[in-house]
Amino acid sequence: MATPLGDLLRHHRTRAGLTQEDLAEGSGVSVRAISDVERGRARGPQRRTVAALADVLGLDGADRSELLAAAQRGRARATRSPGPRARPPDLPDRAGRADELAAIRAAAARARGTEVVAVHGAPGSGKTSLVVRAAHELAASHPGGCFFFALRGVDATPVRPDEVTRRVLVALGEDPPHSEAERTDRYRALLRERSTVLVLDNALDEAQVRPLLAEGARSLVLITSRQVLGGLEGVTRIGLDVLRESESTGLLAAVAGEARTSAEPEATLAVARLCGNLPLALRIAGNRLASRPGWTVAHLAARLGDERRRLSALTAGDLGVRPAFELSYRQLAPLPRALFRALSLLPGSGCAPESAAVALGVDAVTAEDALDELVDASLLGTAEEPGRYALHDLLRVFAGERLAAESDPAAVVAARERLDGWFLDRATTALSFYGTEARQEPADGLADAAEADAWLVAELSNWLGALDRTAGTGGHDRVLRLASAAHWYSDQHGDAATWERVFGAGVAAARALGSARDEAVQLNFLTWVLVVLRGSPERGLALHDLARAAAVSAGDVREQGWAAHYRALALRRAGDLEGARSSAVRARELFLAAGYPLGAHIAGNALGQVLAQARRHAEAEAVHRELLAAVRADAAGLRPEMRDALEAALLMQLADALAGLERWAEVVAVAREAAGLAAGARSPVTELRARLAAGVALHRSGALPEARAELEQALERALEPGGGRGGPGAPDVLDALADVLDDLGDPRASGQLRARAAELRSADR
C-alpha cells in the first residue's frame with residue numbers, strides 16, 4: 001500500500017532535522033499548509049507546492065518521484081469527490097445583518113439573467129452566515145437548484161474552477177466531458193436554462209470565480225471572500241462591518257441564553273465591546289458561556305480584558321479567532337505583512353499613510369500601497385475620513401502578537417519611540433499655528449492653521465496616546481513642549497477631557513524636570529480647564545494655590561498674574577463676586593507690572609464680566625469699551641487673527657452689558673460684528689455665543705422672523721464638532737428657538753425643539 005503524502009513529508013522533514021517553520025521559511029509554503037499536509041487534511045497540493053518542499057528537503061531521484069506521486073494520488077481522490085456540498089444549516093441564533101440581507105433580496109428580485117452579489121469583510125465578520133441565510137430563504141424561488149461550494153480560498157490548495165463545473169454537472173445528472181473547455185460549455189448551457197442560486201464561499205480571487213459566472217434564467221450568484229474582488233464588473237458589493245452594539249448583545253443572548261445576559265447587562269456590553277462586535281468572536285464568547293454554566297458574564301469579561309490572553313480566550317472547540325486571522329495574514333506579501341505588524345504600534349486608533357510610513361520606516365507612497373493591499377485582504381478598514389484607515393481591535397491584538405513573535409525586541413522599541421516622537425513633534429508643530437506668536441509659514445507638511453486643526457482632530461487619539469507613552473518612558477522635554485504649545489489652541493478647540501490629560505501631563509513633566517516656572521504655567525492651564533471647561537470652581541481654587549506658589553517660587557510675575565486671573569474666574573463662577581472683582585484687579589496689576597498688555601486686556605475683560613454679573617451693567621459697558629479701544633489701537637502689538645479673536649470676545653462682553661441695559665438694537669449690532677470677527681479668527685465658541693445673543697436680542701425687540709433665521713444659523717454652528725464647548729451649546733440654542741416659535745404661534749414645533757434639547761442635555765450627563 002502506497003505511503004500517504006503526509007507521512008512521507010514528515011519522514012523527510014525530520015530526517016533533514018527541520019521544523020515546520022524551517023521548511024516554511026525555505027519553501028515559501030505557509031506553516032499551516034505544511035501542517036495540513038502532514039496531518040492528512042490536505043492530500044493533494046499543487047505540483048509546484050510539492051516541488052518547492054522537495055527542493056528544500058534536498059530530494060531527488062526516487063524520493064522526489066515518490067513524494068510527487070503521492071500528491072498526484074491525493075489530487076485524483078479529490079477529483080472523484082462527490083457533488084456540490086449541501087447548503088450548511090442556517091444558524092438558529094441569527095443576529096443583525098438585516099440591511100445586508102435586504103440588499104441580497106433586492107438583487108434576487110431584479111434578476112433577469114444572473115445577478116452577482118459579492119460579500120467581503122474581515123475574517124470572522126459573518127460572510128458565510130449571511131449568504132447561507134440568504135440561500136435558505138431564496139432557494140424556494142429558484143427551482144433550478146441551490147448549490148453551495150466551499151472554494152477554500154485561504155487554504156493551501158484552493159478549489160479549481162473546472163472542479164466546480166464538473167461537480168455541478170454530476171449533481172445535475174450529466175456525464176462530465178473529458179475536456180475542460182467542453183465541461184465549461186456544458187455547464188453554461190445547463191445553467192442558462194435554469195433559475196438557480198449558486199453560493200461560492202471563501203473565494204481566493206477574481207480568477208477563481210470568473211469562469212463560474214454563467215448566465216442563467218433569473219439566477220443569483222452569492223460570492224464571499226476576504227478579498228474585495230475589485231476586478232469583477234457588474235456585481236453588487238456588500239462590505240460587512242462589525243455589528244452594532246445592540247446586535248452584538250443580541251447575538252450573545254441568543255447563544256449564551258437570554259436569562260444569562262439580561263441578568264448582567266453591563267458585563268454583556270463589556271464582552272461585546274471586548275469582542276470588537278465581531279460576529280465570530282461574539283459567537284465564540286457565547287459558546288464559552290453556554291458550555292460553562294458556572295461562569296458569570298463578568299468573569300468572561302475580566303478574562304477578555306487581559307489583552308495578552310484575549311485571542312486565546314476567544315476559542316471554543318474548533319472555533320477560534322486567531323486561526324481565522326492567521327489564514328489571511330499568511331497570504332500577505334512580505335511588505336503588507338510587515339506593515340500589518342507595525343500598525344499594532346499605533347498609540348491610538350486609525351492611521352494615515354504618513355504615520356504608517358513612519359511605523360514601517362518607508363516612504364508614504366510605499367506605505368499607502370501596502371495599506372491598500374491590507375484593505376483588499378480585509379485586514380484593514382477605511383475610515384470615514386478620506387485617506388484614513390482603521391484597524392479592528394482584535395486584529396490589532398493579533399498584529400501585536402505577530403510583531404512580538406517575528407521581530408527583534410530592540411527594533412520594536414525603536415519603532416515605537418520613532419512613531420511616538422513623530423506624533424508628538426507634529427502635534428507640537430500643528431499647535432504652533434495658534435497664539436500670539438503663531439507660525440506664519442508652512443511646516444512639517446501643514447500649510448496653515450486650518451490644516452493644522454484638521455490634523456490635530458483626525459489624529460487626536462494617536463498624539464494623545466503618544467503623549468501618555470512618552471510620559472511613561474521619561475520623555476519629559478517632549479511632553480512639556482507639546483503641553484506648552486497647546487495653550488491658545490485649547491482656548492477654542494477640543495474638550496475638557498483632552499486638555500485635562502494634556503496639561504496634567506505637562507505638570508508632571510515640569511515637576512520631573514525641576515522647573516518651577518513651567519510647573520506654574522501648566523498648573524495655570526489646568527486650573528483654566530477645571531474652572532471653565534469642567535465647571536468646577538472648587539477644584540480650580542485648590543489648584544490655584546499650587547500655581548501661585550510655583551509662580552512665586554520661580555519669581556515669574558506674569559504667571560502670578562495668570563494665577564490671579566484664573567482665581568477671578570473661579571470665584572465668579574462660585575458666586576463670590578467681590579472676591580472675583582478683587583482678583584481681576586490684582587491680575588491686571590500684575591500683568592502690567594510684567595509688561596504684558598495682552599494679559600492686562602484679558603484681566604480687564606474678566607473684570608467687566610464680574611461687573612455685569614453683579615448687575616453693574618453701566619460700569620461693565622465702560623470697562624469693555626475702554627478695552628476695545630485699546631485692542632483696536634493694537635496697543636498689545638497682536639497679530640491680526642489674535643486681535644480679531646480678542647476683539648470678538650470683548651464685543652461679546654459688551655453685548656452682555658448692553659443686554660443688561662436692554663438696549664437690544666445695539667446688542668444685535670455688536671453681536672453680529674463679534675460673530676464675523678470670530679468666524680474669521682476660527683473661534684467657534686465665540687461665534688456661537690454671538691449668534692445666540694443676536695437671536696435672543698432680535699426676539700426681545702420683536703423681530704421674530706429675523707430672530708428665527710439667526711437662531712437657525714446658530715443651531716447649525718452648535719451642531720458642528722466642538723460647537724458649544726465651554727459655552728452655550730445646542731440645547732441652549734434649541735430653547736431660544738423654541739421661545740421664538742411659541743411667539744410665532746407654532747407650539748407643536750416649539751415642543752419638539754424643547755424635547756430635543758432635553759435629550760441632548762440628558763446625553764451629555
TODO: Under the ring-ring contact (aromatic ring centres under 6.0 Å, His included) rule, collect the residues that match up with His299, sequence neighbours excluded.
DONE: Trp295

TODO: Taking atom CZ of Arg292 as the centre, report whether more than 12 heavy atoms of other residues, nucleotides or ligands fall under 6.0 Å from it.
DONE: yes

- [ ] Can you sort out the partners of Ala450 under side chain to side chain contact (heavy atoms under 4.5 Å, CB included), two or more places apart, ordered by chain and number?
- [x] Asp448, Arg682

Open item on the list: Test of understanding: with ring-ring contact (aromatic ring centres under 6.0 Å, His included), list the residues that count as partners of Tyr329, not counting sequence neighbours.
Closed with: Phe340, Phe398

- [ ] Please identify each residue that fulfils side chain to side chain contact (heavy atoms under 4.5 Å, CB included) with Gln227, with sequence neighbours left out.
- [x] Ser225, Leu229, Asp376, Ala377

Task: Residues that Ala458 engages under side chain to side chain contact (heavy atoms under 4.5 Å, CB included), provided they are two or more places apart - done: Arg388

TODO: Kindly determine whether Leu204 and Leu151 satisfy side-chain contact (heavy atoms from CB on, under 4.5 Å), including the steps that lead there.
DONE: CA-CA 7 Å; Leu204 170 64; Leu151 298 184; over 6 Å; no

- [ ] Kindly indicate whether the side chain of Leu446, heavy atoms from C-beta on, has any atom under 4.5 Å from the side chain of Arg426.
- [x] yes

TODO: With sequence neighbours excluded, tell me which residues meet side-chain hydrogen bond (donor to acceptor under 3.5 Å, both in side chains) with Ser378.
DONE: none

TODO: Please identify each residue that fulfils ring-ring contact (aromatic ring centres under 6.0 Å, His included) with His487, with sequence neighbours left out.
DONE: Phe525, Trp562

Open item on the list: Tell me which pairs pass salt bridge (charged side-chain N to carboxylate O under 4.0 Å, His left out) where either residue lies in residues 349-374, with sequence neighbours left out.
Closed with: none

Task: Where at least one partner belongs to residues 119-128, residue pairs that pass salt bridge (charged side-chain N to carboxylate O under 4.0 Å, His left out), sequence neighbours excluded - done: none

- [ ] Heavy atoms only: give me the nearest Leu18-Arg13 pair and the separation to one decimal.
- [x] O-NH1, 2.9 Å

Task: Any residue meeting side chain to side chain contact (heavy atoms under 4.5 Å, CB included) with Ala486, in chain and number order, not counting sequence neighbours - done: Leu431, Trp499, Val502, Phe503

TODO: May I ask you to check whether over 12 heavy atoms, not counting those of Glu266, lie within 6.0 Å of atom CD?
DONE: no

Open item on the list: I'd like to know if Asp393 pairs up with Arg310 as an ion pair, taking the criterion as any Lys NZ or Arg NE/NH1/NH2 lying under 4.0 Å from an Asp or Glu carboxylate oxygen.
Closed with: no

Task: Inter- and intrachain pairs under ring pair (Phe, Tyr, Trp, His ring centres under 6.0 Å), touching residues 348-384, at least two apart - done: none

TODO: State, to 0.1 Å, how close Leu523 and Ala547 come at their nearest heavy-atom pair, and which atoms those are.
DONE: CB-CB, 3.7 Å

Table please: side-chain donor-acceptor pairs of residues 410-422 below 3.5 Å, with sequence neighbours left out.
from, atom 1, to, atom 2, distance (Å)
Arg418, NE, Val358, O, 2.9
Arg418, NH2, Val358, O, 3.1
Arg418, NH2, Ala359, O, 3.2
Asp420, OD1, Arg469, NE, 3.3
Asp420, OD1, Arg469, NH2, 2.8
Asp420, OD2, Arg469, NE, 3.0

TODO: Nearest 0.5 Å please: distance from the CG atom of Leu314 over to the CG atom of Leu280.
DONE: 8.5 Å

